[in-house]
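To start, the structure itself, in structure tokens.
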Protein chains: 2
Amino acid sequence: MSETGRRLLEAATAAFAAKGFHGTTTRDIATGAGVTPGAVYVHHRSKEELLFQISRHGHEATLDLLVSTLEQAPDDPVEQLRALMFEFARWEAVHHTTARIVNYELQALSPEHLDEVVALRRDLRALVRDLVERGRAAGVFHVDDPGLTVVLLISLCIDITRWFSDDGGWSAEEVAAGVSQAALRLVGVAPQS
Amino acid sequence: MSETGRRLLEAATAAFAAKGFHGTTTRDIATGAGVTPGAVYVHHRSKEELLFQISRHGHEATLDLLVSTLEQAPDDPVEQLRALMFEFARWEAVHHTTARIVNYELQALSPEHLDEVVALRRDLRALVRDLVERGRAAGVFHVDDPGLTVVLLISLCIDITRWFSDDGGWSAEEVAAGVSQAALRLVGVAPQS
DNA sequence: GTCTATAATATGATAGAC
DNA sequence: GTCTATCATATTATAGAC
């Protein structure tokens with residue numbers, strides 16, 4: 001992709017995160033990238049295509065991160081959950097601008113694009129569910145409702161997107177440490193950390 | 001307010017929750033209420049005024065619920081947190097349509113209206129923070145970072161808005177029970193429930 | 001590849017008949 | 001109070017000059 005094409009993607013990311021897809025105009029995006037409205041369509045098919053590119057890339061990056069985190073973690077559900085939640089939470093905090101679009105602009109995607117992205121979200125959820133089930137089978141996690149536990153674990157990470165700010169009270173690493181500790185408590189692992 | 005005025009509010013709530021403020025047109029709202037676009041302005045000043053009315057009412061209802069829940073709860077931080085989180089989570093689940101607007105459409109409010117709503121959000125946060133501090137002072141909550149704990153507790157409730165569905169796997173009460181148990185674990189209370 | 005200009009449509013809100 | 005009609009503007013996207 002050309003330099004201008006990339007700048008347009010960045011401008012779209014900033015604008016979509018701040019004002020939402022429907023609250024952003026193609027003029028906003030063009031202006032943010034330092035070009036005139038007509039130039040947008042040399043680099044991108046449509047405004048929705050820009051959204052899809054941001055959303056898909058964000059989903060793929062998150063999923064790739066979690067898969068490789070699990071691959072590198074020791075063969076222990078406790079350490080795996082700690083690592084998974086730390087990296088997941090850190091990603092949402094560091095990339096909170098992109099993550100906001102990933103998590104809150106799904107409804108603006110075309111039906112076909114939404115399908116593709118929902119499949120990636122299903123994969124991510126399956127990853128967490130499998131880990132919770134393994135910890136439960138190993139007798140180290142103690143949860144009444146594994147399905148609801150999975151939703152709440154993911155909630156802790158996704159909602160970071162909503163409240164995290166670069167100039168707020170915590171760094172991405174502090175948030176990640178707090179969330180991964182909270183996760184271990186949530187699955188009934190004694191708070192030794 | 002007239003019957004039509006109320007129907008317009010309900011139609012706006014449904015539309016804003018489904019498509020966002022900027023993704024909703026005044027024609028959508030009028031059609032949803034069974035009237036023509038011109039009739040909207042007999043009952044409401046503007047589209048943004050509809051949003052503000054929904055948002056303010058939702059914020060006030062949540063805050064009132066939490067205040068009265070704390071008033072009625074026994075003088076024990078553990079039971080107070082259990083009750084507070086149960087009622088908060090249940091409200092977000094039962095009223096997930098309104099709650100979606102409350103939690104995710106802040107940026108579409110006018111600056112003056114946003115100020116008013118942010119003040120209510122601050123009050124709600126202070127309520128939770130005070131409770132966590134009291135539990136900590138009493139030696140029954142064990143948390144390293146009370147501020148971050150408060151954010152995560154509120155996260156568990158707010159994010160319900162995003163994922164809860166009436167025809168999903170859990171009732172509002174099941175979710176509320178799971179969230180309040182998760183909250184107690186999160187603050188380091190032994191999982192006896 | 002970017003610009004200016006503009007087409008085609010959609011939008012928030014209002015006017016005036018009934 | 002609701003309707004039809006419409007104003008004024010904004011919007012996505014394209015056309016054609018440079």
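Proteins come first, then strands; the chains are lettered A, B, ... in the order of their sequence lines, and each starts at number 1. It should be emphasised that the depicted structure is a prediction, and the values quoted were computed from it without experimental measurement.
Inspection of the A:His43 and A:Ser2 side chains reveals an N or O donor paired with an N or O acceptor under 3.5 Å. Side-chain N/O atoms of A:Asp28 and A:Thr31 include no donor and acceptor closer than 3.5 Å.
Under the 3.5 Å distance criterion, the side-chain polar atoms of B:Glu92 are left unmatched by any main-chain donor or acceptor of B:Ile160.
Going from atom CG of B:Leu51 over to atom C1' of C:dG12 covers 15 Å, rounded to whole Å. Rounded to an integer number of Å, the gap from NE2 of A:His44 to C1' of C:dG1 is 13 Å.
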| Pair A:Ile154-B:Trp163, side chain to side chain contact (heavy atoms under 4.5 Å, CB included): steps then yes or no | CA-CA 10 Å; A:Ile154 294 174; B:Trp163 62 263; over 6 Å; no
| request: Sugar-phosphate means primed atoms, P, OP1 and OP2; the rest is base. With that split, encode nucleotides 2-18 of chain D 5' to 3' as B, S or - using protein heavy atoms under 4.0 Å. | output: BBB-B----BBBB----
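Using bins of under 30°, 30° to 60° and over 60° for the plane-to-plane angle, the ring pair B:His113/B:Phe52 lands in the parallel bin.
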